[in-house]
Asker: 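Can you read through this structure? Questions will come right after.
When a residue number appears, it is its place in the shown sequence, counting from 1. Atoms within a ligand are numbered from 1 in the order they appear, just like the ligands themselves. What's counted below: heavy atoms across the whole structure, side chains too, no hydrogens, waters or symmetry copies. Model, not experiment: these values are computed from the prediction.
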Amino acid sequence: MAIELPDLPYPYEALVPLISGTTLKTHHGRHHRAYVDNLNALVRGTDLADKPLEDIVRHAARRKASDPAMTAVFNNAAQAWNHAFYWRSLAPRTDRPPQGELARRLTADFGSQNAFAQALTSAATKHFASGWAWLVADRGALRILTTANADTPIVQGFVPLLVIDVWEHAYYLDYQADRARYVGGVVDHLLNWSFAEENYRRAAEGQSHGAAPARTGAL
Ligand code: MN
């Protein structure tokens, strides 16, 4: 069965005014769809064709150094996975702060919720060129990291809790070159903390990759 483009978990207009409906429609319907379509074309008729998306990402990551054909598979599969995770990392504006054990851990690891928000905003804003800014669980601890292009922490031994897309296509229609304003709006108002809490709970229980889409049937 081919990899499918997951529906957005909210309407295209749900993140207005911080992210426009035009941006979401293009980002989901053109960019994310292209990664899914490219991936299906690349794996059609191969052993990977029937594998779950996360397995394709891991396989291609292991093989791409020795098999040049695996670079395109990795790039498209990882982008498909990262985008599905990004949609779920956002939520229509609720201004709901992190709660429970994750909130306690954020304060312990970053000093305060505010210091965490500043660190994530800074990392996402300063990341050079295209990529992603993540909150991940590194064994018990929380870390902020960024990855370039399609790179994804699921092949680096981390459990992602939240991600912000910092490719220009995520914000250019709304903010032109002002990535800081896009990132600031996302960090302050759109992060889906109940999704992050669920991912953290599963990470703490030792389940690999938490509520990642490939494990919950969302893809
Ligand atoms: Mn994107």
Asker: Kindly give the heavy-atom pair with the smallest separation between N192 and L162, and that separation in Å.
Answerer: O-CD2, 3.6 Å
Asker: Please check if the distance between the ring centroids of H32 and Y86 is under 6.0 Å.
Answerer: no
Asker: If you leave out waters, which protein N, O or S atoms are less than 2.8 Å from the Mn ion (ligand 1)?
Answerer: H27 NE2, H83 NE2, D165 OD2, H169 NE2
Asker: Please report the shortest heavy-atom distance between Y171 and A177, naming the atom on each side.
Answerer: CE1-C, 4.5 Å
Asker: List the steps, then state whether salt bridge (charged side-chain N to carboxylate O under 4.0 Å, His left out) holds for E205 with R202.
Answerer: CA-CA 5 Å; E205 288 164 5; R202 295 194 190 199; over 6 Å; no
Asker: Can you check salt bridge (charged side-chain N to carboxylate O under 4.0 Å, His left out) on E197 and R201, steps first, answer last?
Answerer: CA-CA 6 Å; E197 288 155 18; R201 250 192 318 275; 5.2 Å; no
Asker: Counting the benzene-type ring for Trp, do W87 and H27 have ring centres under 6.0 Å apart?
Answerer: yes
